[in-house]
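Bear in mind that the values here come from a model prediction, so they are computed numbers and not experimental data. Below, chain A is the first sequence line, B the second, and so on; all start at residue 1.
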Amino acid sequence: MAKKRGVGISAVWYPTGMSGGGDPSQAIIKMQPDGSVDVLIGTVDIGQGVRTVVRQIAAEELGVPIERVSVTVVDTDSSPLDTGTFASRATHQTGNAVLQAAAEARQVLLEVGAQQLGVEPEALVLENDTVVVKDHPEQAIPIPDVASHATWAERRLIAGRGAFGWAVAKVDSETGQGEPLHTMAYGATLAEVEVDTETGEVKVLKLVSAYDCGKAINRLLVEGQIDGGAAMGLGSALMEELHPYYPSLEHHPTGFFSYMLPTAKDVPPLEAVIVEMNSDTGPYGAKGIGEMTANSQAPAIINAIHDAIGVWITDIPATSEKVLRAIEAQAGEDIQPGYVPPEPYWPHEAIAG
Amino acid sequence: MASTKQEVLYFAPASLEAALELLDQHAGKLNVLAGGTDLVRDMNLKFKVPPGFMWIGKIGLEYVERQNGHLRVGAATRMQTAGSSEVLRQQGAAVARAAGKLASPPVRSLATLGGNLVNASPGADTACALLGLGAEVVLTSKGGSRTVLLEAFFTGPGETVIKPNELMTEIVFKPTGKGQGSAYAKVGRRQAMTLAVLNAAARVELDGDGKCSDVRIAVGAAAPTPLRAVEAETLLRGQPWTEEAIEAAAAKAAEEIKPIDDVHGTAWYRRKLARVLVGRTLREAGEIAQGAR
Amino acid sequence: MTEHKYVGQRLPRYDGMQHVTGKTQFVGDMRMHGMLYVKAWRSPVASATISRIDVSQAKALPGVVAVITHEQVPNNRYGFAGDFPVLADTEIRYKGQEVAAVAAETEEIARQAVELIKVDYKERPAVLDPFEAMRPDSAKVSPTGNFVMFDGKPYRPVIRGDVEAAFAQADHIIEGYFRTAAQEHCPIETQTSVVQTDSMGRTHIHTVTQAVFFNQGTLASILKKPQSMVHMLGGIVGGGFGAKNDPHTDHICAVLSLYTNGRPVRWIWTREEEFVASTQRGATHMFFKDAVTNDGHIIGRQVRSVRDGGAYVLTNDYVAAKHAFAVSGPYNIPNIRTHAYAVLTNRRPTSSMRGFGIYQASIGHELQIEHIAKQLGMDSWRIRFLNAVHDGDLSATQAVLKNCGLIESLQQTAERAGVKLDDEFLQLSSKAVREA
Amino acid sequence: MDYPIKFTLNSAEVEVEAPATINLLRLLRDYLDVTGPKFGCEQGNCGACTVHIDGEAANACLVHGLTIDGREVTTVEGLGTMEAPDPLQLAFYEHYGAQCGFCTPGMLMASKALLDHNPHPTRDDVVEAIVGNVCRCTGYNKIIESVLAAADAARE
C-alpha cells in the first residue's frame, strides 16, 4: 500500500457586494422609551450571523448594553428594503446602513440629552449607557432616562435611517472597463494531502486558511465562515459532482447517498487565520468574505495532489476514480483521467486562434 | 380514477412463535421490519409501501453466541452490537469491521445484520463480510427451519430465496481461531457514511507449513449480488502463502467480477479496486492467521 | 485606534440559545389552521413540447382544493431576462420542471392528485453539452438562441492592454484547460414556503429566501399585485449558499393560495426534489493562455470560459460577468483578454452558488499559476508573491485597487502552517509602492 | 386504520394514534408538534432528525413510528431549556457550534449519545459520533470543539 503526501497552496480574491453595483441596503433604528433599541433590517440571517453583527454595531454606536438591542427578522411590513444576503454583502452593505441609521438616532439622543443637561450636543458623548458631558463625567444622564424624556416630555422619536449601496457601475460593453469590483477581500490556503496510489483516495490532512476580511467585527463568526468555507471547498475539490458522466444526465444523484458532501471525518482539524487589512468602505473597515472562504481549498488540494504524485487533475472534483485514472494514464494505460472537451466552435466574434 | 387509500397492517409480535404464525397467516402481505433503515426509507420515498409490517424487535433475535464450534448470531442483531462484540471482533473480524463501518452511529443503532442480508443490496457491507466468512443463514417458518449458504441466498439485486412465510432467524459461521483470520475492506466515495464503490472480504486458513489450507474471497458492489471469487480461491488453496500467490489471486478476482458503471464509479474503477482490496484483505487475514496482528 | 466595546469581540450568536435548544422556528416548523399541502407534477424528460395539460381528474379527487397550471398564473414569466415560466406552458426545457401544482388536505392526497394529472408532450432531442449548444447547427434550447447575450455579444468581454503584444514578448506561452463541476448547494433545510392570501387580497408569504425584497418584487410581478399587497416574512433560514435567491416554492404557493379560498398552503421540498429541480452551480470550462517571462511574471492572460448555463438565463449573465471581471486573479497582469460565455442547455437552471463565477475563476487561475510555476521550475510561493496585487495596481477592469491583502494572507497562511518563508517574502507588503 | 402508541417522550407519557405508514420523525413533528428534530432528507443520510431511543442515537426518519410503543424517546427539547440548558447545549452556544441552526438539534443528540457512553472522548471519537450528521455551515470544526469543551467542563 503506497501512500504519498503532498502540499499545495492557493491565493484568491473576491469583491464585496454585487459586481456592477445596484444593490441597496437600508436600516431603521428606533429607541423605545425605556432606552431599548430596535434595529430593523431587511436582510436575512442564513447562518452567517448578520443579526449578531448588526446588533454589535448598533450597541457600539448608541452606547447601550448589547442586551438591550433587538434585531428583527425580516417582515416587509416593517423592515426597510435590502436586496438580500448574497454576494458577500450583508456585513458590509447592511452594516453600513445600520451605522448610518445609528448616527442619525444618536444625533437625536444627543440633542435631547443636551437639552436636559443644558449643553450643546457637541459637548456630549455616549458611554456606558449614559449621555455624558465630555471631560465632566459627573454630568451624565442614563440613556433610558433620556429616552423616556424624549418620548413623554419632548414628544420626539429617537430614530435613524440608513441606506447604503454601490451605484450601478458604468461598464463599457466592448472592453468591460469600469468599476464593477469593489472592496476586494483576499485569502490564501495551504493544504496537505495523502494519496493512496492504489485506490486514488485522497485524504486531506491539513487545511490552513488566512482570510483578509478587513476589520473582523466578530472574530468568532469570521472563524466560523472560514471553517465552513473550508469544508465546502474540500467537497468541491474531491467529491461534489452532479453529473458523474458529464455531460450525460444519467446517474444524476437524488440524495446525500449519491451526492457526496464532506462528513466530519473528511474534514481535517481546520486552521482559520484572520487578516485585517481594513477597507475604506466598510463599517469599521470590514470587507465581505462570506462566499470566498470556499474558493481557495479546491485549488490548494489539487495542487497538493500534484505535489504528492506528480499528476495534474484538471477536471474537478478530483474523485478517487479520477485520481487513479490519472495515475494509470501516467503509467501508460490508455485512459482519460477526466472530461476532454471537443474543439469548441467559437462564434465569429470571438478571438481568432 | 382515484386510487383508494391503502390500509397498511402492523404487528409487533412478542415471540418467535407468534411471529411465524403471523407470517403464515398473512403470507406475502407482511414485510418483516427489523431496524427499518431500508424499509422505512423506501416507505418515506414512496418507492415501496408494503401491505403490512411485522416488527421483530421484541422476539429475542439479538445475540452473539458460540455453540458447537460455530458462531450463531441472531438475525436482528444490530450493527452497533455486532461491531462492538468482542467475540465477533476476535473470531469474525470481517463482519465486526463491516458492521462498524456501515453508515453512522444513529443508523447502526437501528440497522440489523439480517436486514442487511435480506435487503440484498449488491454492495451491502455485512453481506460481503459474511459471504467471505462462509456464513449460512437459518430461514424459519411455522413448518420448520432450513439452512442456506449465503452464496445461494442472493439471487439478484434486492432478491433472495427467502419465502414469504419465512423469517431469517440466525446467521451461522465458523469462527476463526489459531492459524485463521478474516478481514474486510471497502472503498467508498468519502471517508465515512458511504456506500461501497467496492468492498471485499476474505477468510484465510494457514497450516503449519505456511500453506493455505482454505480460503474464501468475497467481493461486493461488483455484480448483481455479492460475489464469491471462486477461481481466485482455487489459485491459493493448497499453495504456499506468498505475496506472489496473493497478487495472482487478487488479479484473478478482478477478472471474475461483473461490475457496471453507476453513480458511484465505473466498471473500470471497480476492477482496479477489486484487485487492490482483495489483495489487502487477503494480506490482512493472512497476517491475523500468522498471529502477526 | 478607537476602543470598541462590542466591535471586534468574540460574541456568541444572537439567536444561539434558541438554536441549541431547538426553539428556533424555521418555516417548515409552522403549522397553520386549515393548512393545505402542495405537490407538483414534474417533467420526466429534459426537452419536449407540450400539447395538452389535463388536470380534470386531479381536481375531482376528494380532498383536492386547488390545481393550477400556467393558465392560473397571472404573469407566468420572471427572471432577469423574463424568460423563466412559473409553470411550463408550451415547452419543457429540463427534467424536473414543474408543469402543474396541487393543494390538497393531506400530502398523500396531493401526491395522488399529481399522479392523475395528464400532460401530453412530444419529446425533443435534449442539448446537454454546451459545446454542442454553441454549434450553429445545434438544436435550440431557447427560441432566441443558445447564447446568453451581453449587450449584443454572445460573451462578456474584459479587455485590458494588448494581449497579443504580450504573447509576442513572452518567453513562454502556457496554456491550460480546466473544468469545474455542477454542484448542489445542499442547505440542510430544503426549499419551503407557507403562504396564505387573506380576504383583503394580501398574500402573506413565510419564506426561506435569502433575498426577501428581490423576491417581493418578483412575486408582485408574477401575481400582478402592488408590492405592498405581497407581504413577506422571512429571515430564519436553514442554510442558503445561493440556493435560496431564486424562488422555488414561494411563487407556486403564492399562485395556489389565490385559489384556496383563504386557506394557507405549505410546501416543503423533499431532498430528491432539491436534487432534481432546484437551481444548481453550472459546470464551467476554462481555457487559459498566459504570456510569461523567464523570471515568472505573468504579462498577459487570455481566458475563454464556457459556462454550462442550464435551461434559462436567470442569473447566468451576472455570474459570467463576475467571472470575467475576476478571472485574472489577485495578480497584477497588465494585458488581459477574457471572453466569458454562458450557454443554455437542457439542464436544470443554474444560478447563484457561493462564489458566483469566481469560485470557478479561482480554481482556474490557481491551477494555471501552479502549472506555470512547475513549468518554470519555480517555487509556488514565489510565483504568487511575485505577481500579487499591491495597493494602486489596476484590476482587469482598470479599477484602482485599494486595501489589498493578498501578500499578508499568504504570509500568515505560511506562518500558521509552519512554513518558513524566505526573508524577501516576509518583507513584502501590499502597501509597498511597486517599483516602476 | 390508526394504531395506538404509548411511549415516553422527553420524560412525559404520551399517547397518540397513527397509521402504519408513519415514521418517528413525522409522528413527532406532525402529530405531537415536537419540531426540534428536523426534516433534512428522510433518507437517513443527513442526521438532522437524530433523537435518542432508549438512550441511543437514532435517525427518527428511519424508525417506524409504531415500533416506539413502550419505549423512551428524547429529542433536543428534552435535553435542556433556555433557562436550564444541558452543558453540551451551552458549549455549542459558547463555542459557535451552531450557525444556521438546522442541523443543530440532530448534532446535539448524536454528540450527547457519545458523551453519555463515553464522557471523555478524543477528537476522533467525536468525529466518529457525528459522521452521520451533515453540517454545511460550520465545517464541523467548532462543533467538535464544542463537544470536547462540554466533556472538559464535565471533568472539572
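- Looking at D:N45, there are no atoms closer than 4.5 Å to chain C (heavy atoms on both sides), in backbone or side chain.
- Of all the listed residues (D:E42, D:R29, D:E94), the one sharing the greatest number of non-hydrogen pairs under 4.5 Å with chain C is D:R29.
- Under 4.0 Å is where a charged nitrogen must lie from a carboxylate oxygen, and between D:D30 and C:R31 no such pair does.
- With hydrogens and angles disregarded, a donor-acceptor distance shorter than 3.5 Å links the side chain of C:H19 to the backbone of D:Q99.
- Only the side chain of D:Y96 comes within contact range of chain C, judged by heavy atoms closer than 4.5 Å.
- Looking only at heavy-atom pairs under 4.5 Å with chain C, the residue among D:P37, D:A48, D:G101 that has the most is D:G101.
- With a 4.5 angstrom heavy-atom cutoff, C:E273 does not touch chain D via any of its atoms.
- With chain C as the partner, the residue from D:F102, D:F92, D:F39 showing the most heavy-atom pairs under 4.5 Å is D:F102.
- For the pair D:K38 and C:E189, the minimum side-chain heavy-atom distance is 4.5 Å or more.
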Derivation of the side chain to side chain contact (heavy atoms under 4.5 Å, CB included) call for C:T21 and D:E77: CA-CA 6 Å; C:T21 50; D:E77 285 92 341; over 6 Å; no
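- Of the two parts of D:L79, neither the backbone nor the side chain holds a non-hydrogen atom closer than 4.5 Å to a non-hydrogen atom of chain C.
- Looking at C:Q25, neither its backbone nor its side chain comes within 4.5 Å of chain D, counting heavy atoms on both sides.
- We find that C:E107 and D:R26 are joined by a salt bridge, their nearest charged nitrogen and carboxylate oxygen being less than 4.0 Å apart.
- Taking D:G36, D:C100, D:G97 one by one and counting their heavy-atom pairs under 4.5 Å with chain C, the maximum is reached by D:C100.
- Of the two parts of C:R13, the backbone and the side chain both hold a non-hydrogen atom closer than 4.5 Å to a non-hydrogen atom of chain D.
- C:I268 touches chain D through its side chain: at least one heavy atom from C-beta onward sits under 4.5 Å away, while N, CA, C and O do not.
- The candidate with the highest count of non-hydrogen atom pairs below 4.5 Å against chain C, out of D:C137, D:C41, D:C103, D:P85, is D:C41.
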